[in-house]
Colleague: 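Structure below; questions to follow.
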Amino acid sequence: MTDAADLRRRTTDLLAAHPPERTGRLDFLRARFDAGLAWVHFPEGLGGLDAPRSLQAVVDAELAAAGAPDNDPGRIGIGLGMAAPTILRYGTEEQKKRFLRPLWTGEEVWCQLFSEPGAGSDLAALATRAVRDEDGDGDWIVDGQKVWTSSAHLARWAILIARTDPAVPKHRGLTYFLCDMTAPGVEVRPLRQITGEAEFNEVFLGGVRIPDAHRLGDVGDGWQVARTTLMNERVAIGGVRAPREGGGTPAEGRGRMIGVAAAAWRDHPELRTHDLHQRLLTLWVEAEVARLTGERLRQQLSQGQPGPEGSGMKLAFARLAQQISGWDVEFRGEDGLTYDDWTLRRPEGVDFTGREAGYRYLRAKGNSIEGGTSEVLLNIVAERVLGLPPEPRTDKDVAWKDLPR
Ligand SMILES: Cc1cc2nc3c(=O)[nH]c(=O)nc-3n(C[C@H](O)[C@H](O)[C@H](O)COP(=O)(O)OP(=O)(O)OC[C@H]3O[C@@H](n4cnc5c(N)ncnc54)[C@H](O)[C@@H]3O)c2cc1C
């Protein structure tokens, strides 16, 4: 069994064989993956060592202290947080070998082709069709429209759900694919959002061919596979992102949204009021509770897949991000309303700590929508965590093609 001492030894060996100051960034990341130090809880040969997930922090700390390059998680968050755990769970050996290494090193960026103009919260109602070319080479031919696709403009691959059987109820006729974003028929168009930037896109799929070898899971099993992605997404947004922004000590909150707000408080005594002080303290305590709860959730995740508890984390993260960024704008007065640049830009990620208060305030609005809206997550917590009676669902047993749309 791999323990902390063993991981320290392996990390030292990696650094000795590939000194960061003399090794190219990509070469170092590839070597780290091959040494099993990428995500230590993944299997051997796939970037890990079958070690407890909580020990990842040991490796990360050693590598950071040695000035080793990292894989820019802000840019490849969808691959790391959502595509990878799904491929690990449902992928064939060939798929795992082909996709996980360039996903982790950041050589291949991933995006998520799930939401559609008529299917967001009710994702299982989606209409994008995948039809098998039975007379040809058995490829799937995909037609449809996706929307709100973060990072599609950067992505080489996408996780995609499409309808393969309209004659069965909506949850049963779906299949999950890995879609090549450079394939003919994939068209990506920017969508400008409230921040002025186009972080996400609409994606049109017109006769896109996907080989059957890029199907993930069985035909008709797409909803099951997608649930793994969605549960991991909520943990990735709510449980991992918060502490990553979190770094620093609880006392300083450095590098976290709450830390940025507290720094503003320290730097501007002239703007302080009693009311803002009380609200900042309350937010501080809640942010700390959320951070510790996230830590506990990650420890529970040590082995296995996340459960519905991740929805609670994501809810808390969204609420806090909006309240803290709102506090920050209010505290800074007129300065809080300044905005650096309103031209349409195509960012490579989301920045909750480096950018100005106005950006953080506007970007946080999306936190209660992306990865499942807060209302929908409250339903999940009510039903699957608290065991309350479910919402009435009248369309569960009706063939998708007979549903009103
Ligand atoms: C910043 C950002 C990035 C995103 N990135 C991606 C991405 O990369 N890939 C992707 O596939 N999608 C992405 N999305 C889309 C996101 O997953 C959807 O917007 C979300 O699931 C909601 O769907 P919708 O927009 O269709 O709203 P709707 O589902 O139409 O919801 C409208 C309103 O009705 C409420 N509502 C709906 N159903 C219920 C219910 N049963 N009970 C109570 N209230 C309900 C909702 O809470 C909401 O307030 C992103 C969204 C944002 C904001």
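Each ligand, and each atom within it, is numbered from 1 in the order the structure gives. Given the structure is predicted, the values throughout are model-derived calculations rather than measurements. Counting begins at 1 with the first residue of the sequence.
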Colleague: Heavy atoms of the protein only: does one fall short of 4.0 Å from atom 7 (C) of ligand 1?
Modeller: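 Protein heavy atoms within 4.0 Å of atom 7 (C) of ligand 1 - there is at least one.
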
Colleague: May I ask you to decide if Pro166's main-chain N or O and Arg129's side chain share a donor-acceptor pair within less than 3.5 Å?
Modeller: no

Colleague: Using distance alone, determine whether Asp122 and ligand 1 share an N or O pair under 3.5 Å.
Modeller: no

Colleague: Report yes if the distance between the aromatic ring centroids of Trp110 and Phe99 is under 6.0 Å, otherwise no.
Modeller: yes

Colleague: What residue and atom, counting heavy atoms only, is the protein's closest point to atom 52 (C) of ligand 1, and at what distance?
Modeller: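 Nearest protein contact, heavy atoms only, for atom 52 (C) of ligand 1 is Glu370 CB, 3.5 Å.
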
Colleague: Does Arg345 reach the main-chain N or O of Asp341 with its side chain, forming a donor-acceptor pair under 3.5 Å?
Modeller: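 It does hold such a pair.
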
Colleague: Can you pull out the closest protein heavy atom to atom 40 (C) of ligand 1? Residue, atom name and distance to 0.1 Å, please.
Modeller: Asn379 ND2, 3.8 Å

Colleague: Which ligand 1 atoms does Glu375 reach within 4.0 Å, using its non-hydrogen atoms?
Modeller: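 Numbered from 1, ligand 1 contributes 43 (C), 44 (N), 46 (C), 47 (O), 49 (O).
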
Colleague: Enumerate the atoms of ligand 1 whose separation from the nearest heavy atom of Glu391 is less than 4.0 angstrom.
Modeller: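 Counting from 1, the qualifying ligand atoms are 41 (N), 42 (N).
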
Colleague: Counting only heavy atoms, tell me which of Ser150, Ser374, Ala158 gets closest to atom 3 (C) of ligand 1.
Modeller: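 Nearest option to atom 3 (C) of ligand 1, by heavy atoms: Ser150.
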
Colleague: Are Phe331 and His277 close enough that their ring centres sit under 6.0 Å apart?
Modeller: no

Colleague: Residue-level breakdown please: for Arg363 versus ligand 1, do any non-hydrogen atoms fall below 4.0 Å on the side chain, on the backbone, on both, or on neither?
Modeller: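 Arg363 to ligand 1: side-chain contact only, backbone stays beyond 4.0 Å.
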
Colleague: Starting from the C-alpha separation in whole Å, work towards a yes-or-no answer on side chain to side chain contact (heavy atoms under 4.5 Å, CB included) for Arg319 and Asn367.
Modeller: CA-CA 8 Å; Arg319 188 174 52 80; Asn367 292 150; over 6 Å; no

Colleague: Are any of the N or O atoms of Ser115 closer than 3.5 Å to those of ligand 1?
Modeller: yes

Colleague: Within a distance under 4.0 Å of any heavy atom of Phe114, pick out the atoms of ligand 1 and give their elements.
Modeller: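 Per the distance check, 11 (O).
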
Colleague: For Pro184, does its backbone N or O pair with a side-chain atom of Arg209 as donor and acceptor, under 3.5 Å?
Modeller: no

Colleague: Does the side chain of Glu116 pick up a donor-acceptor pair with the side chain of Thr128 at under 3.5 Å?
Modeller: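 Yes - a donor-acceptor pair under 3.5 Å links their side chains.
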
Colleague: Using modelled atom types and a 3.5 Å cut-off, is there a donor and acceptor pairing between side-chain atoms of Arg192 and backbone atoms of Glu197?
Modeller: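 Such a contact is absent between Arg192 side chain and Glu197 backbone.
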
Colleague: Give yes or no for whether the N/O distance cutoff of 3.5 Å, strictly under, is met between Gln112 and ligand 1.
Modeller: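 There is such a contact, yes.
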
Colleague: Test of understanding: given a 4.0 Å heavy-atom threshold, classify the contact between Ile369 and ligand 1 as side chain, backbone, both, or neither.
Modeller: both

Colleague: Relative to the heavy atoms of Thr373, which atoms of ligand 1 are at a distance of less than 4.0 Å?
Modeller: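 Per the distance check, 22 (C), 46 (C), 47 (O).
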
Colleague: Do any N or O atoms from the side chain of Glu356 and from the backbone of Thr338 form a donor-acceptor pair under 3.5 angstrom?
Modeller: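 Between the backbone of Thr338 and the side chain of Glu356 there is no qualifying donor-acceptor contact (under 3.5 Å).
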
